[in-house]
2 protein chains.
Amino acid sequence: MPQNTSTYHQQFRKHLERVVLIDDEAFEEIIQCFSIKEISKKDYLLRPFQVCRYESYIIKGLFQTTMIDDEGRQHTLHFPHEDWWVGDFKSFRKEQESNMEIFAVEDALLLQISKSAMYQLFDISPAFERFFRIMAENAAMALQDRLLKNYSHNAESKLLEFQKKYPSLKNRLSQKQIASYLGVTPEYFSQMVKKK
Amino acid sequence: MPQNTSTYHQQFRKHLERVVLIDDEAFEEIIQCFSIKEISKKDYLLRPFQVCRYESYIIKGLFQTTMIDDEGRQHTLHFPHEDWWVGDFKSFRKEQESNMEIFAVEDALLLQISKSAMYQLFDISPAFERFFRIMAENAAMALQDRLLKNYSHNAESKLLEFQKKYPSLKNRLSQKQIASYLGVTPEYFSQMVKKK
DNA sequence: AAAAACGCTTAAGGTAGTTTAATTTTTTAC
DNA sequence: GTAAAAAATTAAACTACCTTAAGCGTTTTT
């Protein structure tokens, strides 16, 4: 149960200020548009074929964002966690059914904003829009890196890369979950770690 | 040789206005920050280890953006063409050496903007910054789709997808180039099209 | 016009990762 | 604390795609 809201607000403000300058007044305008949401381990933040109505800043917790393909295999896009964002951006922006599902791997606490509130904020606060421009650029750069690494690296070096990039996630996820992020079967993953 | 500059300006303005509203005055401010550049077939827009100093709007032409991995294999990120943008965004924004190379597949004509000019424009024109927020979001969505398709589809269905998405590129690229985009060898590509 | 470079094809042998299925170990739920 | 469910392991057969290598046609360079 959230006890001290202002602590979360401070954390969120720091997150924004790592990217853009925000004065007290502007932050007040921004934070008013967000609402807090708790979500328990194993609960869904977004089910397949739902429209994603919120972008959510993660105060605490861990999620898994997956896509189920035509053969029923599950592929993991990523594991959003503390001090980052979670949502299906395509579904959010186009207001169309999502082909992704998002669920909580650990109990989580979120700050959520709706699309209409976000677009209103963009109109009154250029700093807020700049923040999301830079976030989108960062997301595109990270995805490009990952795509190219998928072309050029085998499963073993992708695993090393993952462990190096997200050392804290190692103990919070099962082998099966990491395998699904790397794009290999749990059986092959098991063989791979044994061999090492 | 560019003969009628205003035609290109009109094309570029239409491109911007598909996303944001721009009045005459704002467009004048924007277009002043761009310079025109010609580049011939086979010439490099960006060589490996260079810093990418410009983002370029493509008036006409076709490029290939590739990455050379540690084993010397070439992987194609994409084929930027008319009415789109070309550059290595990561190198551009961080002003660091690029691990990509970009060269013209066909003679091309560009409108180029430097980083300092772009950042100045962001400060004086929120519409221009909004345009790039939306561009970055689109890029991230497209890369996410492509990444997930790489996990779930084999080479044959990735080829069908490519042909469906870029029907006009089929005749402008060699099999070898398309193979490098799909992430397979030219030899396997050849077998694949024969089998079909 | 000749030489060189490049792109496409074909084929044989090889490998990274999959599939299936059975067994064991760990985690979850009441 | 125990039953049930899920995760991890192991192994054998299989497949999508790679590597190498050689030959041929076309384009580019000189």
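Here is the naming used below: chain letters follow the sequence lines, and residue numbers restart at 1 for every chain. Every heavy atom of this structure was used, including side-chain atoms; hydrogens, water molecules and symmetry mates were not.
For A:Tyr151 and C:dA16, the OH to C1' distance is 18 Å, given to the nearest whole Å. Rounded to a whole Å, the CD atom of B:Glu71 is 14 Å from the C1' atom of C:dA16. When the P atom of D:dA16 is taken as reference, atom CD of B:Glu156 falls 10 Å away, rounded to whole Å. Here the C1' atom of nucleotide C:dG7 and the NZ atom of B:Lys176 are 8 Å apart, to the nearest Å. We find that CG of B:Leu182 is positioned 15 Å from C1' of D:dC18, with the value rounded to whole Å.
Residues satisfying the side-chain hydrogen bond (donor to acceptor under 3.5 Å, both in side chains) test with B:Lys165, not counting sequence neighbours, are none. Under the rule for a side chain to side chain contact (heavy atoms under 4.5 Å, CB included), A:Gln120 has no partner lying at least two apart in sequence or in another chain. Evaluation of the salt bridge (charged side-chain N to carboxylate O under 4.0 Å, His left out) rule for B:Asp83 yields B:Arg18 as partners, not counting sequence neighbours. With sequence neighbours left out, B:Glu161 forms a salt bridge (charged side-chain N to carboxylate O under 4.0 Å, His left out) with B:Lys149. By the salt bridge (charged side-chain N to carboxylate O under 4.0 Å, His left out) test, B:Lys41 pairs with no residue at all, sequence neighbours left out. Judged as a salt bridge (charged side-chain N to carboxylate O under 4.0 Å, His left out), and not counting sequence neighbours, the contacts of A:Glu129 are B:Arg130, B:Arg133.
The shortest distance between the side-chain N/O atoms of A:Gln175 and the OP1/OP2 oxygens of D:dT9 is below 4.0 Å.
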Practice item. Encode nucleotides 18-30 of chain C as B, S and - characters from 5' to 3', where the letter depends on protein heavy atoms closer than 4.0 Å: B to the base, S only to sugar-phosphate, - to neither. Key: BBBB------SS-
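Comparing the helix axis at one end of the helix from C:dA1-D:dT30 to C:dC30-D:dG1 with that at the other, each defined from 5 consecutive pairs, gives an inter-axis angle of 70° (nearest 10°).
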Exercise for review: Let me see the working for B:Asn150 and A:Arg146 under side chain to side chain donor-acceptor pair (under 3.5 Å), right down to the final yes or no.
Suggested key: CA-CA 11 Å; B:Asn150 265 299; A:Arg146 183 137 164 243; over 6 Å; no
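As a member of the Ile/Leu/Val/Met/Phe/Trp/Tyr network built from side-chain separations under 4.5 Å, B:Tyr151 groups with A:Met67, A:Leu77, A:Met100, A:Leu143, A:Leu147, A:Leu148, A:Tyr151, B:Met67, B:Leu77, B:Met100, B:Leu143, B:Leu147, B:Leu148.
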